[in-house]
Protein chains: 2
Amino acid sequence: MPAVPGPRRRPTLDTVARAVGVSRATVSNAYNRPDQLSAPLRARILAVADQLGYPGPDPVARSLATRRSAAVAFVLATPLSTAFSDPALTTALDGLASTVDEHGHGLLLVPGTADAGPRPEAVARAQADVIVLHSLADDVPALRAAGHRRLPLLVIDQPVVPTAARVEIDDEGGAAAAAEHLLRLGHRRVGVLALPFAPDHTEGPAGEARRATARYRVSRDRLAGYLRTLGAVGADPDAPPVWEATSSDREAGRRGGRWLLGRRPRPTALLCMSDELALGAVRAAGDLGLSVPGDVSVVGFDDTRAAAASDPPLTTIHQPLAEKGRRAGEIALGLLAGDPPGPPVRLPTHLVVRSSTAPPR
Amino acid sequence: MPAVPGPRRRPTLDTVARAVGVSRATVSNAYNRPDQLSAPLRARILAVADQLGYPGPDPVARSLATRRSAAVAFVLATPLSTAFSDPALTTALDGLASTVDEHGHGLLLVPGTADAGPRPEAVARAQADVIVLHSLADDVPALRAAGHRRLPLLVIDQPVVPTAARVEIDDEGGAAAAAEHLLRLGHRRVGVLALPFAPDHTEGPAGEARRATARYRVSRDRLAGYLRTLGAVGADPDAPPVWEATSSDREAGRRGGRWLLGRRPRPTALLCMSDELALGAVRAAGDLGLSVPGDVSVVGFDDTRAAAASDPPLTTIHQPLAEKGRRAGEIALGLLAGDPPGPPVRLPTHLVVRSSTAPPR
DNA sequence: TTGTATGCGTTATCAT
DNA sequence: ATGATAACGCATACAA
């Protein structure tokens, strides 16, 4: 049979079925349920399909029919540039991605805009079976959009959404452990280098008012952990100075570190809400001719790979980042399979003492 | 009208249309073409939809009808953990993501497996309007799968696919410039720290045979640029030692650096195919008590942010990473709009001299 | 401005 | 083992 080009319409299941002389159902089975038809027939179908240039079942049509997209949407607060430079995020994201990938699911990234979080329309249009929300501010529009979809939701770290599954860590406890470590060493004048309290590009000293309106739970909880612990022993009778960074990266940390270390009396130690910020603070100390931990102690948060590899190696709060991602992936797959949300999964943190902390001089 | 729960079937366009007493088309227009109906009617429709808990047009059904997914698939060679730790990749990816996001398109990540590249089925199932292939080995199965889809293809860096659009840089020229810089400084014994030649976890000295079967064009071209230039002046009469790293990260670079700097006579300079490898090599020099550039010169490739920030700041080959991503994004959007592939876009590279190179002692 | 008719490409159910 | 038929939920000419 010579190839009759015809109007060159793209072939579909039906095209193949006609060519072979079977029904569409049978062709469909040839692809999806090899055991439902005889091997020779299947071979013939596949051969004809190939010769016709049939690309295989259309994913979108299949999704419509099965009500499954085989993808999980990952919604994040920031543009990808910011996100990718944050090791705490990428480590968790990788855990999530490999888990869902192993089960045949793709990962649809829905990045945030620079100042308003993810676009609600992007969330509304996401072709996915589950939506994973990562560390969004409490009241971003994307949240409503996610709720409107009738999809299972999973929240990592925050915010708290009533019907959503949750994976998080003990931020307040971790922060408290960090502060406690410094108190034990004898520090009494401590500065705080904070993650953003709101997605509004603010950077600078954060007073009571600012802190009270914080829209990131993680920042709120870590700060609470710090302050509660410092306050408990009556350390730092004046409230400790708090600098709010504009994002979790070293340059932002460096700016904050310079400001904090410029206070008088100078803090003898810095509590940093992320390792990247801490690494920036270490550099700031260098800028000012101060040695770490000789003149100033620095403690980070997250225990990323960079923390262990830095000079000096960073004392920090460990959180199981990769596991957080994997657990999130497993839960997402579970939700997708119909499991109910279940109680929040709260992963443990613990203090890792390295060489960036020492007693004050 | 009291809410009659009924069988609680999820509402569709049709549900809303019936409730309002209009046709589906009108409800559809209410969402997609507000100008096609009166404002009051639209308001009424939206109100009823909201009250019914209608989540808005189903993205999959919409995709089927419009033949558009509003997403671009990004297929990469490695698992995300590897990918995210590579600044050269993430920078480009961010450029791509922001470009397509601005135009309302999502980004579907299709990660590779550890040793066989991306799973072909994952590529076959990807719900996207364009497929972007990033730096895959020449003959991975995913390539066939991508070709089978009748979607526009865009290749970043490699491999060369006949019908695909292409964005790349002048790898060989850049590498040649790096080598030339060293020759000008007077170096004659030069070692090469190479990116992987194939996705098979190999690490170690790479002889002729191995190099001849290289499946990554980028590695091949950069090596060719190095060797061609070194050979031209008859430098290094014995072929320069080449170490193949297992991935582009510092630890791998460090191992390679230690081996290269352990050769006798010791190379006075190292040509590294990425900044991350170069940074590892610098550390290796430190391990051996050698100073950079005093005892050994090191030149990188990519000009990532880390290159400028390192100690010492790295001499390297600049490539416009963010622009590469943005261009790729624009081209992807163009393909998606029906533009023909067009000729390959080849971005320029240039040498950036910083402080990691100096004349040999 | 609104409605009608049709197509999008597949899977699933139930016969045969 | 294979086929007929009905979903799946929406968009879009075109007609009214």
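Below, read A as the first sequence line, B as the second, and so on, with proteins coming before strands; counting in each chain starts at 1.
- Residue A:R44 contributes atom CZ, which lies 16 Å from atom P of D:dA1 at whole-angstrom precision.
- Contacts of B:R144 classified as side chain to side chain donor-acceptor pair (under 3.5 Å), with partners at least two apart in sequence or in another chain: B:H148.
- In this structure, the CG atom of B:L13 is 19 Å from the P atom of C:dG7, given to the nearest Å.
- Residue pairs that meet the salt bridge (charged side-chain N to carboxylate O under 4.0 Å, His left out) test with at least one member in residues 147-164 of chain A, sequence neighbours left out, are A:D157-A:K324.
- Within the structure, the ring-ring contact (aromatic ring centres under 6.0 Å, His included) test picks out the following pairs touching residues 38-84 of chain B (sequence neighbours left out): A:F84-B:F84, B:Y31-B:Y54, B:F74-B:H134.
- Listed by chain and residue number, A:T202, A:R210 satisfy the side chain to side chain donor-acceptor pair (under 3.5 Å) test with A:D200 (two or more places apart in sequence, or in another chain).
- Using modelled atom types, one side-chain atom of A:T113 and one backbone atom of A:G117 make a donor-acceptor pair closer than 3.5 Å.
- Distance, A:L64 CG to C:dT10 P: 12 Å, rounded to whole Å.
- The CD1-C1' distance, from A:I45 to D:dA1, rounds to 11 Å in whole Å.
- Within the 4.0 Å cut-off from OP1 or OP2 of C:dT2, at least one side-chain nitrogen or oxygen of B:S38 is found.
- We find that CZ of B:R68 is positioned 15 Å from C1' of D:dT12, with the value rounded to whole Å.
- Contacts of A:R166 classified as side chain to side chain donor-acceptor pair (under 3.5 Å), with partners at least two apart in sequence or in another chain: A:E168.
- Taking atom CD of residue A:Q127 and atom P of nucleotide D:dC8, one finds them 18 Å apart after rounding to whole Å.
- Remark: B:R24, B:A25, B:S28, B:N32, B:R33 in residues 16-37 of chain B come within less than 4.0 Å of DNA chain D through at least one heavy atom.
- At whole-Å resolution of the value, CG in A:D14 and P in D:dT5 are 14 Å apart.
- Contact check, A:R62 against C:dT11: a side-chain N or O comes under 4.0 Å of OP1 or OP2.
- The interatomic distance linking B:R67 (CZ) with D:dA11 (C1') rounds to 13 Å, in whole Å.
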